[in-house]
Asker: 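To start, I am sharing the structure in question, which I have written as structure tokens.
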Amino acid sequence: MNINNHNKVKLQLAGIIQEVFLTAEIEEPLQDIYNSIGFPPDAALGHYTYPCFNLSKKLRNAPNKISEQLAKGFTAGEVIDSVQSVGPYINFKIKSSFLGRVTCDEIENGQMFERHLIDAPPKTMIEYSQPNTHKELHVGHMRNLCLGDALIKLHRYCGYDIISATFPGDVGTHVAKCLWYFRYHNTEKVPVENKGTWLGSLYTKGHLQLEQDEGTPREAENKKQLSEILTQLEAQKGEFYDLWKSTKEWSVELMNQVYEWAGVHFDRWYWESDVDVSSTELARKYFEKGVFIESQGTIGVDLSEYNLGFCMLLKSDGHGLYATKDIELARRKFDDFHIEKSVYIVDKRQAHHFAQVFKVLEIMGYENAKKCYHLQYDYVELPDGAMSSRKGNIVPIMKLIDNMHEVVKKDYLNKYIGEWDQSEIDSTADIISKGAIKYGMIRIDPSRKIVFDMKEWLKIDGDSGPYLQYTYARINSLVKKLADEIKAGHDWSVLAEETELQLMVKLSEFNNQVVQACNEYKPNVLCNYLYELCKIFNNFYNVLNIRRTEDEVLKSTRVELTKCVAITLKKGLSLLGIPVPERM
RNA sequence: GGUCCGGUAGCUCAGCUGGAUAGAGCACCAGCCUUCUAAGCUGGGGGUCAUUGGUUCGAAUCCAAUCCGGAUCACCA
């Protein structure tokens with residue numbers, strides 16, 4: 001069981017509440033008390049709150065009365081500063097010395113980020129990024145990439161042994177269309193740079209050309225040519241096989257360019273071509289065994305009793321389909337790495353496909369089928385509808401990256417020309433672009449659609465990656481600047497301003513939020529948390545002038561608190577795959 | 001038609017394991033830089049949480065029905 005009790009402040013408070021309850025002859029499990037503890041809507045009311053509604057039934061008394069009576073049982077101590085009954089709630093203010101000791105000290109010495117968070121996490125493979133070669137990568141692929149990378153980092157932080165895998169589609173009709181256009185229609189020279197992008201444009205042209213030729217005398221000829229290409233690719237010899245091998249590398253180059261930009265690494269690349277032949281063999285074997293059936297000239301499994309329709313695995317021409325390959329791949333994953341769980345990050349349009357694949361695996365008697373999970377996120381579309389490489393109405397990934405770089409420099413960094421090295425301006429622009437794009441992709445709940453509008457994306461104020469990075473850079477400059485001015489040691493107990501206490505309370509929640517983001521496959525939970533942390537910090541920063549704090553101990557303590565925010569922010573952003581600049 | 005996912009401010013989204021007056025960002029209005037980075041902060045206007053019913057002391061949150069939008073349902077991937 002994963003009990004999300006990683007907030008030490010709350011846990012201690014729950015223990016105290018339990019003791020006080022016992023003296024009033026109320027028995028409540030610690031975990032129940034912990035789970036009930038919440039945050040008051042207004043920090044002025046308290047830092048944590050315990051609602052008494054649930055006790056109302058047990059004690060047969062009004063929650064207001066219960067709260068009023070129980071509140072009297074609490075006394076200020078090491079943990080609690082004050083207790084107040086407000087209506088049905090018991091509100092607690094926590095001592096800054098305690099908050100500092102179990103939260104800030106642990107952030108500074110690193111213990112906060114090394115806690116045991118989840119019991120016996122299963123060894124897991126996470127498959128994400130399934131782009132096709134011979135097509136261009138667009139911003140839709142970027143969402144998948146950012147989401148997958150964040151989830152892998154979150155899982156690893158929580159103690160999972162994770163294998164990251166990618167499954168690019170390097171075979172199929174899209175490849176044939178691309179090569180067909182390349183061989184029979186293209187008149188342009190192969191560019192020296194960005195061959196992958198250029199190749200992707202040939203696919204689009206090829207598709208459009210074929211569509212145009214439909215119903216004309218050329219249609220039959222086109223089909224013959226396409227069929228010949230596919231035959232050669234299968235036979236793994238001939239002019240088109242050679243062309244496939246070299247052009248595939250161009251696409252891989254583009255993929256690697258994007259992966260390098262994103263800082264992602266795959267432990268395993270599974271190519272669709274790797275499982276092409278073996279998957280159809282497997283399907284035939286299970287047909288001979290009588291597990292798969294023949295229907296209308298095809299071979300597959302009737303899943304209508306599970307309301308999943310018919311899952312076709314061999315076409316009437318004997319070729320396999322996507323499901324055929326995924327069945328073979330699913331087994332390979334477990335064999336190759338002895339994993340205990342297999343996660344697929346693929347957009348929701350594939351929900352039916354994976355439901356079929358997992359069910360077929362089960363029917364094949366494969367027990368690991370139950371350990372497969374399809375994380376279905378909603379995809380990225382344009383204001384005028386879904387993106388489609390076929391139609392050519394896509395926003396290429398590199399275009400977004402390039403535009404972002406340009407805007408960041410033009411609007412924010414060019415003012416440092418002369419003051420900073422050009423290399424620092426460039427690298428900072430890169431970091432900020434990553435913050436803007438990755439945060440933009442991750443901050444939306446995976447189950448929600450993203451409508452991509454370039455103009456909106458290039459606005460990077462408010463709730464954005466650069467806002468968090470700016471907060472970090474600001475702290476970094478501040479701490480550097482004040483390093484020589486610190487003349488005293490720090491003492492958490494001197495912090496008394498509400499905004500300071502709020503910061504500590506927020507910091508204490510870090511691990512809870514990370515675990516939640518991980519368990520629910522929702523990195524956006526962490527985005528929200530970090531954003532709120534920054535909001536509180538920026539308020540603190542504006543309300544209290546740290547540098548002009550006269551009391552030396554207070555000044556030193558405020559600087560320490562500020563450092564804690566920076567450490568936590570950097571850690572949290574790193575779990576989202578977002579780097580931070582030293583200054584910006 | 002079946003299944004699945006969404007519907008919260010003008011726009012983009014949080015909040016959804018039920019709890020205090022439904023929150024942010026953008027946009028709009030009014031303030032705050034003789035410098036701890038204004039990519040920031042403070043305040044303001046702006047809501048029938050799609051609709052209706054139900055469960056409950058209490059519903060944006062749970063349940064049911066309806067409406068709207070999207071995805072998907074045999075030879076594409």
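Side chains included, hydrogens not; waters and symmetry mates left out as well; all remaining heavy atoms used. Lettering of chains follows the sequences in order, A, B, ..., and the numbering in each one begins at 1.
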Asker: Can you tell me whether the base of B/C5 sits syn or anti, using the 90° cut around 0 to define syn?
Answerer: anti
Asker: Mind checking A/Pro41 for me? I need base, sugar-phosphate or nothing, with any heavy atom below 4.0 Å counting as a touch.
Answerer: base
Asker: Measure the distance from CZ on A/Arg448 to P on B/G69 and round it to the nearest whole Å.
Answerer: 17 Å
Asker: For the pair made of CZ in A/Phe537 and C1' in B/A24, what is the distance, rounded to whole Å?
Answerer: 20 Å
Asker: When both hydrogen-bonding distances must be under 3.5 Å and the geometry is Watson-Crick or G-U wobble, what is B/A77 paired with, if anything?
Answerer: none
Asker: So what does A/Ser464 touch, heavy atoms closer than 4.0 Å: a base, only the sugar-phosphate, or nothing?
Answerer: nothing
Asker: For RNA chain B, find the residues of residues 435-447 of chain A with a heavy-atom distance under 4.0 Å and give them by number; none if there aren't any.
Answerer: A/Arg443, A/Ile444, A/Asp445, A/Ser447
Asker: Is it true that A/Glu211 and A/Arg390 make a salt bridge, defined as a side-chain N closer than 4.0 Å to a carboxylate O?
Answerer: no
Asker: Identify the nucleotide, in any strand shown, that forms a Watson-Crick or G-U wobble pair with B/A14, with both distances under 3.5 Å; if there is none, say none.
Answerer: none
Asker: Start with the C-alpha gap between A/Tyr344 and A/Tyr373, add the side-chain angles, then the distance that decides, and say whether side chain to side chain contact (heavy atoms under 4.5 Å, CB included) holds.
Answerer: CA-CA 6 Å; A/Tyr344 297 73; A/Tyr373 172 68; over 6 Å; no
Asker: Using both distances under 3.5 Å as the test, list the Watson-Crick or G-U wobble partner of B/C62, or none.
Answerer: B/G54
Asker: Are A/Tyr470 and A/Tyr467 near enough that their ring centres are under 6.0 Å apart?
Answerer: no
Asker: Looking at A/Glu456 and A/Lys459, is any side-chain nitrogen of the basic one under 4.0 Å from a carboxylate oxygen of the acidic one?
Answerer: yes
Asker: Considering every strand and a 4.0 Å limit on heavy-atom distances, what is the contact class for A/Pro40: base, sugar-phosphate, or nothing?
Answerer: base
Asker: Would you confirm whether A/His174, through its side chain, and A/Thr133, through its main-chain N or O, come within 3.5 Å as a donor-acceptor pair?
Answerer: yes
Asker: Tell me: CG of A/Asn54 to P of B/U56, nearest whole Å?
Answerer: 16 Å
Asker: Do A/Thr298 and A/Phe310 pass the side chain to side chain contact (heavy atoms under 4.5 Å, CB included) test, and can you show the C-alpha distance, the side-chain angles, and the key distance before you say yes or no?
Answerer: CA-CA 11 Å; A/Thr298 73; A/Phe310 182 75; 3.6 Å; yes
Asker: A quick test of your reading: do over 12 heavy atoms of other residues, nucleotides or ligands sit less than 6.0 Å from CD of A/Glu406?
Answerer: no
Asker: On the 0 to 90° scale, with breaks at 30° and 60°, tag the A/His353-A/Tyr322 ring pair as parallel, tilted or perpendicular.
Answerer: parallel
Asker: Between B/A20 atom P and A/Tyr50 atom OH, what is the distance in whole Å?
Answerer: 16 Å
Asker: Ignoring hydrogens and geometry beyond distance, is the side chain of A/Asn91 in donor-acceptor contact with the base of B/A20 at under 3.5 Å?
Answerer: yes
Asker: Just the rounded figure in Å: distance from C1' of B/G15 to CG of A/Asn524.
Answerer: 11 Å
Asker: Would A/Arg474 count as a cation-pi partner of A/Tyr541, with NZ or CZ less than 6.0 Å from the six-membered ring centre and within 45° of the ring normal?
Answerer: yes
Asker: Between A/Ile536 (CD1) and B/G23 (C1'), how many Å, whole number?
Answerer: 13 Å
Asker: For every nucleotide of nucleotides 34-45 of chain B, 5' to 3': is a protein heavy atom under 4.0 Å from its base (B), only from its sugar-phosphate (S), or from neither (-)?
Answerer: -SBBSBBSS---
Asker: Using the 3.5 Å cut-off, write out each protein N or O paired with an N or O of nucleotides 74-77 of chain B and the distance between them.
Answerer:
{"residue": "B/A74", "atom": "N1", "partner": "A/Ser295", "partner atom": "OG", "Å": "2.8"}
{"residue": "B/C75", "atom": "O2", "partner": "A/Ser316", "partner atom": "N", "Å": "2.9"}
{"residue": "B/C75", "atom": "O2", "partner": "A/Ser316", "partner atom": "OG", "Å": "3.2"}
{"residue": "B/C75", "atom": "N3", "partner": "A/Ser316", "partner atom": "OG", "Å": "3.3"}
{"residue": "B/C75", "atom": "N4", "partner": "A/Gln296", "partner atom": "O", "Å": "3.1"}
{"residue": "B/C76", "atom": "OP2", "partner": "A/Lys315", "partner atom": "NZ", "Å": "3.4"}
{"residue": "B/A77", "atom": "O3'", "partner": "A/Glu272", "partner atom": "OE1", "Å": "3.3"}
{"residue": "B/A77", "atom": "O3'", "partner": "A/Glu272", "partner atom": "OE2", "Å": "3.2"}
{"residue": "B/A77", "atom": "N1", "partner": "A/Gln350", "partner atom": "OE1", "Å": "3.0"}

Asker: Hey, does A/Lys563 have a side-chain heavy atom less than 4.5 Å from the side chain of A/Ile475?
Answerer: no
Asker: Let me know, please, whether A/Phe53 or A/Glu532 comes out on the 5' side of the other along RNA chain B by nearest nucleotide.
Answerer: A/Glu532
Asker: Can you check the A/Phe39 CZ to B/A20 P distance for me, whole Å?
Answerer: 14 Å
Asker: Give a yes or no on whether the backbone of A/Asp378 and the side-chain of A/Arg143 come within a donor-acceptor separation of less than 3.5 Å.
Answerer: yes
Asker: In whole Å, what is the span from the CG atom of A/Leu303 to the C1' atom of B/U72?
Answerer: 15 Å
Asker: Between atom CG of A/Leu314 and atom CE of A/Met312, what is the distance when rounded to the nearest 0.5 Å?
Answerer: 9.5 Å
Asker: Of all the choices, B/C13, B/A24, B/C4, which nucleotide is nearest to the side chain of A/Gln376 once you look at every atom?
Answerer: B/C4
